[in-house]
Amino acid sequence: MNHRDVLNRANPVMPVMVIEQIEQALPLAQALYKGGIEVFEITLRSECALEAITLIKKEMPQCLVGAGTVLNPQQLQQASEAGSDFVLTPGLTEALLKQSKEVDIPLIPGVASAGDVMLSLSYGIDAMKLFPATVLGGEAMLKALSGPFAEVTFCPTGGINPDNYQSFLQLPNVACVGGSWIAPTSFVNEGRWEDITRLAAEVTGKAC
Ligand SMILES: O=C(O)C(=O)C[C@H](O)[C@H](O)COP(=O)(O)O
């Protein structure tokens, strides 16, 4: 499985998940799965994030579990040891790119400029996260990047919501979108799992 496979399998949406309590991990992942989602981004923004990755991967091996908000090589190493299938970063650094090759885990780097895309390509990575997508110009930015980088596939993330995700998905260089709107913190904290399944199913068109 490479970077591109991850983004293609995440189509149409990769949920950006913040799990504050380990008890929320499985109900949340299962609620999303029931709504047709099988690729998760679990951000390393909470104490129990690594534990949540391990747990979800163990109980739902049919899903792909990625670690998000990976900021440095140490976190990349920890994410890999926790069992992550892939990692995502908000931006890219040479240190992260090098470490992902050493650890041999697909890294989907956040990019915000043509220079970032070129650095990522120089490490053989042609599937990237555009972050923060709407701030960077959204669809206009993606159309502009498709000129020089026709072969690159993106997962726009940051500012994607129920009103704009469809127009992003129509672009040929967009494999999937990323977003937290699909797993709102308030719903997670209130245990509104059926509402999360409904949100996911509205986007995927699937329910199981
Ligand atoms: O943490 C990371 O690795 C990021 O890249 C940031 C997240 O993708 C965005 O915070 C999601 O943005 P929203 O859907 O607008 O909430």
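Just the heavy atoms: all of them, side chains too, but no hydrogens, waters or symmetry mates, feed the values below. What you are looking at is a predicted structure, and each value in this text was computed from that prediction instead of being measured. Counting convention: from 1, in listed order, for ligands and their atoms alike.
- A salt bridge does not link E151 to R4: none of the charged nitrogens lies less than 4.0 Å from a carboxylate oxygen.
- Less than 4.0 angstrom separates some heavy atom of G179 from each of these atoms of ligand 1: 14 (O).
- For ligand 1 and T157, the ligand atoms under 4.0 Å from any heavy atom of the residue are 8 (O), 11 (C).
- With hydrogens left out, the protein atom closest to atom 7 (C) of ligand 1 is R45 NH2, 3.4 Å, a heavy atom.
- Using a 4.0 Å heavy-atom cutoff, G158 is listed among the residues neighbouring ligand 1.
- Between Q75 and L44 the shortest heavy-atom distance is CB-CD1, 4.0 Å.
- Between L107 and L96 the shortest heavy-atom distance is CD2-O, 3.8 Å.
- In this structure, a donor-acceptor pair under 3.5 Å is present between the side chains of Q77 and E81.
- Taking atom 4 (C) of ligand 1 as the reference point, the nearest protein heavy-atom neighbour is K129 NZ, 3.3 Å.
- Checked against the 6.0 Å centroid criterion, the rings of Y165 and W181 qualify as a close aromatic pair.
- Put simply, the side chain of N11 gets close to the backbone of A175: a donor and an acceptor are under 3.5 Å apart.
- Nearest protein heavy-atom neighbour of atom 9 (C) of ligand 1: F131 CE1, 3.7 Å.
- In this structure, E102 does not pair ionically with K98, as no charged nitrogen and carboxylate oxygen lie closer than 4.0 Å.
- Here the side chain of D116 pairs a donor or acceptor atom with the backbone of A112 at under 3.5 angstrom.
- For a threshold of 3.5 Å applied to N or O pairs, the pair formed by T43 and ligand 1 contains no separation below that value.
- Remark: ligand 1 atoms within the under-4.0 Å shell around heavy atoms of T69 are 1 (O), 2 (C), 3 (O).
- Under a 4.0 Å criterion applied to the non-hydrogen atoms of E41, ligand 1 contributes the atoms 2 (C), 3 (O).
- For the pair G159 and ligand 1, the shortest N or O to N or O distance falls below 3.5 Å.
- At the shortest separation from atom 16 (O) of ligand 1 among protein heavy atoms lies S180 OG, 2.6 Å.
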